[in-house]
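I have placed the structure first, in the form of structure tokens, so that the comments after it can refer back to it.
Everything quoted here is computed from the prediction, not taken from an experiment. Chain letters run A, B, ... following the sequence lines, proteins first and then strands; every chain starts at 1.
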Amino acid sequence: MCVAVPGKIIEINGNKAKVDIMKNVCDVNIALVNVKLGDYVLIHAGCVIDVLEKETAEEILDIFADLEEDAF
Amino acid sequence: MRTLQQVVEELKNYDGEPIKIMEVCGTHTSSIFKNGIRTLISPKIELISGPGCPVCVTSSAYIDHVVEFAMGENCCVLTFGDMMKVKGSKASLTEAVAMGANVKVLYSPLDAIKMAVENPGISFVFAAVGFETTTPIYAILIDEITKNNIKNLKIMTSLKTIIPALSYICENEDKIDAFLCPGHVSVIIGCGVYRQLAEKYNKPFVVGGFEGEHILAAIYEIVHQIQTKQHQMKNMYSNAVTEEGNTKALAMIDQYFESGDDYWRGIGIIEDSALRLKPEYAAFDAGSNFAATVETPPPGCRCTDVILGRIHPIDCPLFSKVCNPLNAIGPCMVSTEGVCGIWYKNRQS
């Protein structure tokens with residue numbers, strides 16, 4: 001439920017942005033953070049909730065890659 | 001500075017007093033399995049899972065109200081996929097759909113805006129469940145409903161806060177020695193809030209990341225604190241979690257929500273553990289107060305003992321025999337973030 005995934009901001013339009021999440025482009029809301037193009041961010045339920053260092057984003061992505069392999 | 005190998009060796013060779021560490025985050029529980037953490041540490045260090053899944057602690061009375069609304073004419077319930085299999089006293093949302101109910105699963109609560117605008121003849125309710133990670137997003141949803149003057153979309157809340165739950169466990173379960181604090185909830189609420197708990201209950205509260213080495217480092221910190229008779233909050237996930245949390249998100253929560261008592265399935269009523277819409281936003285509330293609920297678990301189900309860290313899921317007589325993800329008897333088996341669901345998935349390890 002509280003799962004959040006990292007992504008990279010590739011376009012900003014007001015309180016909305018496009019993010020690259022594991023090569024998928026998704027629309028997200030950025031009202032809860034201050035972000036700029038190229039920032040790595042943490043996304044939960046369609047909203048950016050945190051700005052991350054690139055290394056932190058990649059570490060979290062590694063976990064999701066592992067979890068994906070093990071999906072039911 | 002210690003290397004990871006030294007940390008693992010010291011944790012593996014630990015031979016002091018038994019230590020029980022509770023994690024309260026489904027992603028931590030999954031990562032502990034994924035990285036084989038239990039095989040890397042001494043059997044005297046026991047890792048147990050607490051109430052880390054908001055779906056699992058949602059009352060069946062709440063599910064009943066959501067199902068009842070979904071069965072109504074020209075009504076539609078919007079929700080996250082995790083909620084579909086949670087049983088009410090009569091039916092889950094999945095079963096309600098089979099009986100003709102209108103339920104849609106959304107990726108984000110904010111997607112509800114488009115649905116409401118495109119379908120003005122339908123009354124929508126978003127089943128708003130979650131911890132502090134998700135609550136600010138419902139605040140944005142109310143903001144958007146107001147800005148867009150939408151009249152056919154409300155929320156029914158079962159929003160819970162983690163600090164009162166941790167306090168409840170500290171007050172009522174004396175066998176937990178330390179806590180591995182939740183990661184993404186802490187992104188919102190910050191790590192400073194755990195300091196008071198550490199001081200009040202004389203237990204270490206450590207915020208850790210999700211990688212195997214992050215969790216090992218957090219366990220090492222906890223063991224070190226206990227051995228040196230310390231009880232502090234320590235933030236070991238400072239790349240993502242700050243002292244004060246996401247202040248914008250907290251301001252949004254404060255604007256729209258206020259705290260109240262709430263019922264946690266498997267636990268009971270915990271004071272000030274709910275976030276409900278303030279009276280001035282009652283127009284957006286589809287009826288959310290279930291604080292007076294009292295429920296008993298299904299016969300044989302030991303979810304209460306699992307959530308409170310008294311037993312592991314494998315100690316429940318129903319686990320994997322009659323209770324599994326396709327036939328979840330207890331709430332902890334329902335969600336992929338639920339303790340029993342995670343243990344079932346990893347039962348071979």
Side-chain angles (χ1 to χ4, degrees), chain A residues 1-9 11-36 38-72, chain B residues 25-27 30-31 33-35 52-56 80 82-83 106-111 129-134 136-140 143-144 182-185 187-188 209-214 237 239-242 245-252 325-326 335-338 341 344-346:
Chain A
M1 182 84 205
C2 296
V3 171
V5 293
K8 184 180 181 182
I9 301 279
E11 188 180 315
I12 295 175
N13 183 16
N15 267 344
K16 293 179 180 167
K18 289 192 185 298
V19 288
D20 179 337
I21 306 173
M22 293 181 273
K23 296 191 169 45
N24 296 304
V25 176
C26 301
D27 294 316
V28 293
N29 184 293
I30 54 172
L32 301 177
V33 289
N34 297 315
V35 289
K36 60 183 185 305
D39 277 351
Y40 286 84
V41 294
L42 193 60
I43 303 143
H44 170 66
C47 278
V48 173
I49 59 169
D50 202 4
V51 182
L52 302 171
E53 298 292 328
K54 183 183 178 189
E55 293 72 25
T56 309
E58 286 171 349
E59 282 175 4
I60 300 171
L61 279 173
D62 285 346
I63 295 173
F64 278 94
D66 286 345
L67 292 174
E68 210 167 69
E69 284 171 22
D70 269 11
F72 281 121
Chain B
C25 170
T27 310
S30 291
S31 188
F33 275 110
K34 184 71 201 170
N35 290 286
C53 169
V55 171
C56 302
F80 291 116
D82 292 31
M83 288 291 290
L106 298 185
Y107 155 69
S108 169
L110 305 181
D111 294 340
V129 171
F131 286 144
E132 292 96 325
T133 324
T134 320
I137 301 167
Y138 298 124
I140 295 176
D143 219 35
E144 292 289 322
H184 294 140
V185 168
V187 165
I188 301 296
F210 299 110
E211 287 274 24
E213 52 264 47
H214 291 163
Y237 193 33
N239 288 343
V241 176
T242 61
N246 184 328
T247 52
K248 273 191 169 185
L250 292 172
M252 287 292 282
L326 293 177
S335 165
T336 52
E337 290 275 298
Y344 184 87
K345 180 182 169 187
N346 294 282

Q: Could you point out which residue of B:Thr247, B:Leu250, B:Ile140 forms a side-chain contact (heavy atoms from CB on, under 4.5 Å) with A:Leu32?
A: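 Going through the options one by one, the only one that passes is B:Ile140.
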
Report the distance from atom [atom1] of [X] to atom [atom2] of [Y], rounding to the nearest 0.5 Å.
X	Y	atom1	atom2	answer
A:Asp27	B:Tyr107	CG	OH	9.5 Å
B:Asn239	A:Leu42	CG	CG	12.0 Å
A:Asp50	B:Asn246	CG	CG	7.0 Å

What pair of heavy atoms forms the shortest contact from A:Ala45 to B:Pro109, and how long is it?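 Heavy-atom minimum between the residues: O-CD, 3.7 Å.
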
Flag if over 12 foreign heavy atoms under 6.0 Å of CD, A:Glu53:
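No.
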
- Task: Look at atom CG of A:Asn24 and say whether more than 12 heavy atoms of other residues, nucleotides or ligands are closer to it than 6.0 Å.
- Result: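 Enclosed: over 12 neighbouring heavy atoms sit under 6.0 Å from CG of A:Asn24.
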
Using side-chain heavy atoms (C-beta onward) and a distance below 4.5 Å, is B:Lys248 in contact with A:Val33?
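Sidechains of A:Val33 and B:Lys248: no contact.
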
field: Note, A:Ile49 side chain near B:Pro136 side chain (heavy atom, < 4.5 Å)
entry: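 They are not in contact (no side-chain heavy atoms under 4.5 Å apart), so the answer is no.
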
